[in-house]
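Okay, so here's the structure we're looking at.
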Amino acid sequence: QVQLVESGGGLVQPGGSLRLSCAASGSFFSAYVMSWYRQAPGKQRGLVATITPGGTTIYADSMKGRFTISRDNAKNTVYLQMNSLKPEDTAVYYCKGTFTIREYWGQGTQVTVSS
């Protein structure tokens, strides 16, 4: 069983930055595909970014150039650096870990972009 705990959310002004963290418990973190998703009120949860065990990254189009996903396998942690934030980035951000057919989700962290 893997537990994922997100942190780093909060209130930020438009144009600002935040770094989200997702700490994983359990073994074999380095073998997991790790992803960030987000869900805004009244909308479906959607993919933000993914990083593979080998470090390959994939981004949703609207995040390219603004968001960066990274991982530190020694710390069992995946990060999401978010720059040039916009009000439409306001959402609950979730971390997901995938290993073979198993998926694990964190509880989410709220990001609010507002002046």
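Numbering of residues begins at 1 and proceeds along the displayed sequence. If you're wondering where the values come from, they're calculated on a predicted model, not measured in any experiment.
Checked against Tyr93 for a side chain to side chain contact (heavy atoms under 4.5 Å, CB included), the options Gln39, Glu6, Met82 give a single hit: Met82.
A donor-acceptor distance shorter than 3.5 angstrom exists from the side chain of Thr77 to the backbone of Lys75, with no hydrogens or angles considered. Between the Thr90 side chain and the Val113 main chain, a donor and an acceptor come within less than 3.5 Å of each other. Formation of a donor-acceptor pair under 3.5 Å by the Thr112 side chain with backbone atoms of Leu11 is not found in this model. Side chain of Arg38 to backbone of Ala91: no donor-acceptor contact under 3.5 angstrom is found.
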How far apart are the C-alpha atoms of Val2 and Phe28, what are their side-chain angles, what is the distance that settles it, and do they pass the side chain to side chain contact (heavy atoms under 4.5 Å, CB included) test? CA-CA 10 Å; Val2 172; Phe28 308 115; over 6 Å; no
As a quick check of understanding, evaluate side chain to side chain contact (heavy atoms under 4.5 Å, CB included) for Asp72 and Tyr79, giving each step before the final call. CA-CA 8 Å; Asp72 185 337; Tyr79 303 98; 4.0 Å; yes
Checking side chain to side chain contact (heavy atoms under 4.5 Å, CB included) for the pair Trp105/Cys95: CA distance, chi angles, key distance, verdict? CA-CA 6 Å; Trp105 289 88; Cys95 174; over 6 Å; no
Derivation and outcome, side chain to side chain contact (heavy atoms under 4.5 Å, CB included), residues Val111 and Leu18: CA-CA 9 Å; Val111 171; Leu18 280 176; 3.9 Å; yes
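Side-chain contact, Lys96 with Tyr104: no donor N or O sits under 3.5 Å from an acceptor N or O. Between the side chains of Ser17 and Asn83, at least one donor N or O sits under 3.5 Å from an acceptor N or O.
Side-chain contact check for Thr109 versus Leu20: some heavy-atom pair is nearer than 4.5 Å. Between Phe67 and Asp89 there is a side-chain heavy-atom pair separated by less than 4.5 Å.
In terms of heavy atoms, Met34 sits closest to Cys22 at CE-SG, 4.4 Å.
Cation-pi geometry between Arg71 and Tyr32 is not met: the NZ or CZ atom fails to fall both under 6.0 Å from the ring centre and inside 45° of the normal. Judged by the 6.0 Å distance and 45° axis criteria, Arg45 is positioned over the aromatic ring of Tyr94.
The hydrophobic cluster containing Leu4 does not contain Val33, counting ILVMFWY residues as joined when their side-chain heavy atoms lie under 4.5 angstrom apart, directly or transitively. Connection of Val12 to Val48 is established within a shared hydrophobic cluster, with ILVMFWY side chains joined at heavy-atom distances below 4.5 Å, either directly or through further cluster members.
Atom CD of Glu88 has more than 12 heavy atoms from other residues, nucleotides or ligands within 6.0 Å. The 12-atom threshold is not exceeded at CD of Gln3, counting heavy atoms of other residues, nucleotides or ligands nearer than 6.0 Å.
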Which side-chain N or O atoms in residues 49-63 pair as donor and acceptor under 3.5 Å with protein atoms at least two apart or in another chain?
unit_1: Thr50; atom_1: OG1; unit_2: Ser35; atom_2: OG; d: 2.8
unit_1: Thr52; atom_1: OG1; unit_2: Gly54; atom_2: N; d: 3.3
unit_1: Thr52; atom_1: OG1; unit_2: Gly55; atom_2: N; d: 3.3
unit_1: Thr52; atom_1: OG1; unit_2: Thr56; atom_2: N; d: 3.0
unit_1: Tyr59; atom_1: OH; unit_2: Ile69; atom_2: N; d: 2.9
unit_1: Asp61; atom_1: OD1; unit_2: Lys64; atom_2: NZ; d: 3.2

